[in-house]
Amino acid sequence: MSKQISIGGGQGFWGDSNDAAIHMIRTAELDYMACDYLAELTLSIMQRQKLKNPQAGYARDFLKLMDIIAEEAYKKKVGILTNAGGMNITACVDKLKEMVECKGLRGYKIGYVLGDDLLDRIPELAAEGIKFENMDGIGCFDDIKDKIVNANVYYGREPIMDCLGMGADTVLTGRAADSALFLAPLAYRMGWKDGDWDNLARGIMAGHLLECGGQGAGGNFQYDWRSVPDMDQLGFPIAKVSDDDFIITKAPDCGGLISRESVSEQFLYEVHDPANYITPDVTVDVSRATLTNVGENQVRVGNVHGKEKPDMLKLCIGYHAGWKVVTYLSFAWPNAYEKAQYAADILMKKMQRKGMKADEVHISYLGINALHLGVADMRPELVDNANECVLRIAIRAQDKAEVEKIIPEISPLQLNGPPGASFFGGRAKATEVIGLYPTLIPRDAVKLTSHIVEVK
């Protein structure tokens with residue numbers, strides 16, 4: 001058997017718990033751990049933070065994690081890879097370098113990748129003839145081009161591998177594709193290159209199974225969540241990969257579950273076409289893949305295949321899409337749902353008299369249909385006898401003043417509306433809405449650079 005590389009998934013999103021990552025570093029035999037912090041709109045939020053504070057705009061949670069694990073990971077030679085750099089990679093690098101210096105870890109090398117932020121290059125790229133057509137066929141670029149907040153491209157393994165080649169102990173990126181954080185060290189150590197599509201596809205699926213943290217180890221487990229042991233100590237998944245084997249497992253002495261069923265759920269998560277799962281590095285075919293239980297908390301993944309990588313890369317553009325107010329009012333039995341409906345009618349009549357101009361008004365009822373919407377079970381015997389019901393009203397408009405019209409009308413309904421109302425959560429506030437405009441750009445339009453700094 002060829003050399004086996006062990007890599008853990010230490011983070012599923014910005015705000016995830018650090019507990020599993022810490023436990024993994026302390027108890028598992030790892031070569032690498034990758035931590036995914038970014039979702040499609042996360043960068044827009046980070047960009048807003050950076051505009052308010054030039055030193056912000058990255059996932060500060062990562063520094064809290066590194067404050068705990070950096071020394072042990074360095075001694076154990078566990079490489080750390082993360083996209084926590086967000087919209088301010090160099091600021092995150094500076095803070096990490098300062099922390100590592102304070103710990104006396106001389107020789108520690110921090111690699112980082114720049115170039116995914118294309119905001120300033122949008123006019124240049126448009127002048128070169130790039131049309132920025134919406135991937136979903138919704139909306140026109142001309143309508144949002146003056147409202148852009150951020151524009152970040154999803155890229156693959158190569159610049160991350162370059163950092164590893166320069167000896168990086170930690171690699172910080174911005175919008176690297178989630179699975180590329182995991183593929184990069186596997187391809188680097190195994191020597192996988194373009195053309196070796198099956199192995200690159202296996203590496204991508206290793207990343208795909210690990211990138212969501214606990215969701216890949218029994219968290220959010222629809223099949224049988226009651227069977228997941230010790231969810232209060234949920235461990236995150238680990239992939240053990242070689243040229244001829246691919247096992248998903250987890251750290252010892254922690255909760256969670258690695259089974260064919262739990263892995264299956266994550267396997268198909270966000271995979272729209274199992275025969276053509278498109279990533280920057282390879283187009284993956286899992287339409288005939290196999291998942292086999294081979295031991296306690298061990299699942300072997302097989303028959304994963306790959307095809308040529310795409311010529312285009314995905315560019316996610318965040319843009320200002322107006323303002324919103326979301327507000328709540330709860331009602332108690334009896335007739336909770338009926339009371340909530342009546343209160344909504346009162347509020348909408350008031351808004352009509354105030355001449356509110358809204359692009360969208362969404363009314364739903366928590367406990368009744370807020371999650372299932374049009375397919376909710378609305379049988380009278382269920383809704384008429386609900387113990388409680390929470391009215392939720394969400395309003396979006398281009399003008400902040402328009403959505404704010406509803407704010408002073410909510411709390412008075414405790415005394416001026418149907419009985420049993422309770423106002424909670426504090427006075428609502430108008431917040432900015434960031435819209436998402438996904439598009440594609442040619443691969444050769446992106447200029448990524450790899451860098452390294454060393455602690456002396």
Side-chain angles (χ1 to χ4, degrees), residues 10-16 33-63 65-66 79-97 109-122 124-125 148-164 166 168 170-185 207 211 279-281 312-319 434 436-441 443 445-453:
Q11 191 83 183
F13 59 95
W14 187 19
D16 202 357
M33 182 174 73
C35 298
D36 175 25
Y37 286 86
L38 301 183
E40 288 194 323
L41 286 177
T42 308
L43 288 169
S44 298
I45 298 170
M46 290 179 167
Q47 176 73 335
R48 285 303 190 200
Q49 291 181 343
K50 184 180 177 183
L51 290 172
K52 292 179 181 178
N53 176 4
Q55 297 306 310
Y58 59 88
R60 299 192 181 198
D61 300 9
F62 174 67
L63 294 179
L65 172 63
M66 289 298 285
I80 309 293
L81 305 101
T82 182
N83 53 19
M87 291 300 302
N88 204 344
I89 299 162
T90 55
C92 189
V93 168
D94 290 344
K95 287 294 184 182
L96 179 59
K97 182 173 181 287
K109 293 182 179 180
I110 304 168
Y112 60 100
V113 179
L114 302 177
D116 67 292
D117 180 358
L118 300 185
L119 180 61
D120 294 337
R121 294 188 59 212
I122 292 294
E124 167 198 338
L125 296 173
I148 297 176
V149 175
N150 72 285
N152 294 81
V153 67
Y154 283 75
Y155 62 87
R157 72 191 188 281
E158 292 97 336
I160 304 172
M161 291 174 63
D162 289 342
C163 291
L164 294 174
M166 290 185 278
T170 291
V171 180
L172 277 160
T173 76
R175 185 57 283 186
D178 306 348
S179 52
L181 296 170
F182 300 83
L183 172 61
E211 69 191 29
T279 79
D281 291 288
M312 307 288 276
L313 294 176
K314 182 178 180 180
L315 178 69
C316 276
I317 299 175
Y319 66 95
I434 301 295
L436 178 66
Y437 187 96
T439 186
L440 296 171
I441 62 172
R443 186 180 290 270
V446 181
K447 302 170 184 176
L448 300 163
T449 57
S450 302
H451 309 265
I452 197 124
V453 295

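The model shown is predicted, which means the values in this text are computed figures rather than measured ones. Hydrogens, waters and symmetry mates are skipped; everything else that's a heavy atom, side chains included, is used. In this chain, numbering begins with 1 at the start of the sequence shown.
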Quick one: do L38 and L43 satisfy side-chain contact (heavy atoms from CB on, under 4.5 Å)? Show the steps, please. CA-CA 7 Å; L38 301 183; L43 288 169; 4.0 Å; yes
In this structure, CG of D116 is separated from OG1 of T449 (nearest 0.5 Å) by 10.0 Å
In short, A84 meets Y37 closest at the heavy-atom pair CB-CD1, 3.6 Å
*asked:* Main chain of I452, side chain of K109: is a donor-acceptor contact present, judged purely on distance under 3.5 Å?
replied: no
Value for CG (N83) from OG1 (T173), rounded to nearest 0.5 Å, stands at 5.0 Å
Looking only at heavy atoms, the pair that brings G156 and P280 closest together is N-CB, 3.7 Å
request  = Compute both the distance and the angle, then confirm whether R60 meets the cation-pi test with Y58: under 6.0 Å from the six-membered ring centre, within 45 degrees of the axis.
outcome  = yes
| Between D61 (side chain) and L63 (backbone), is there a donor-acceptor pair under 3.5 Å? | no
* Passes side-chain contact (heavy atoms from CB on, under 4.5 Å), I434 versus V149? Steps please. -> CA-CA 8 Å; I434 301 295; V149 175; 3.9 Å; yes
Handout entry: Side-chain (D36) to main-chain (F13) donor-acceptor, under 3.5 angstrom
Key = no
Looking only at heavy atoms, the pair that brings Y154 and C316 closest together is CE1-SG, 3.5 Å
>> Less than 4.0 angstrom from a charged side-chain N to a carboxylate O is my criterion; do E40 and K314 meet it?
In response: yes
Value for CD1 (I89) from CZ (R175), rounded to nearest 0.5 Å, stands at 11.0 Å
Original post:
Relative to the ring of Y437, is the ring of Y319 parallel (under 30°), tilted (30 to 60°) or perpendicular (over 60°)?
Top reply: perpendicular
Is atom CG of N53 surrounded by more than 12 heavy atoms (other residues, nucleotides or ligands) closer than 6.0 Å? yes
Sorted by chain and number, sequence neighbours left out, ring pair (Phe, Tyr, Trp, His ring centres under 6.0 Å) with Y155 holds for none
Taken to the nearest 0.5 Å, the spacing of H451 NE2 from M166 CE works out to 8.0 Å
### Message
For a 4.5 angstrom cut-off between non-hydrogen side-chain atoms, does V171 reach T82?
### Response
no
Closest heavy-atom pair, L164 versus P185, reported as atoms and distance to 0.1 Å, is CD1-CA, 3.7 Å
* Worked check of side-chain contact (heavy atoms from CB on, under 4.5 Å) between L172 and F62 -> CA-CA 10 Å; L172 277 160; F62 174 67; 3.8 Å; yes
When you measure from the side chain of D117 to the backbone of N152, do you find a donor-acceptor pair of N or O atoms at a distance under 3.5 Å? no
(Q) Taking R157's backbone N and O only, do any of them form a donor-acceptor pair with D281's side chain (distance below 3.5 Å, no angle check)? (A) yes
Whether T170 side chain and I110 backbone form a donor-acceptor pair below 3.5 Å: no
I441 vs L118 side-chain heavy atoms within contact, under 4.5 Å = yes
Between P159 and S450 the two heavy atoms that sit nearest each other are O-OG, 2.8 Å
From the list K50, Q47, K95, side-chain contact (heavy atoms from CB on, under 4.5 Å) with N88 holds only for K50
Side chains of N150 and S44 only: does a donor on one sit below 3.5 Å from an acceptor on the other? yes
Shortest non-hydrogen pair, L81 vs L181, comes out as CD2-O, 3.8 Å
CG of L51 to CE of M87, rounded to nearest 0.5 Å, is 8.5 Å
- Query: Can any side-chain N or O of T439 pair as donor or acceptor with the backbone N or O of L315 at less than 3.5 Å?
  - Reply: no
Checklist line | Criterion side-chain contact (heavy atoms from CB on, under 4.5 Å) on L448 and V446, from CA distance to verdict | finding: CA-CA 6 Å; L448 300 163; V446 181; 3.7 Å; yes
- Message: Between R121 and A445 (side chain of the first, backbone of the second, donor and acceptor by atom type, cut-off under 3.5 Å), is there such a pair?
- Response: yes
dist M46:CE -> C92:SG (nearest 0.5 Å) comes out at 8.5 Å
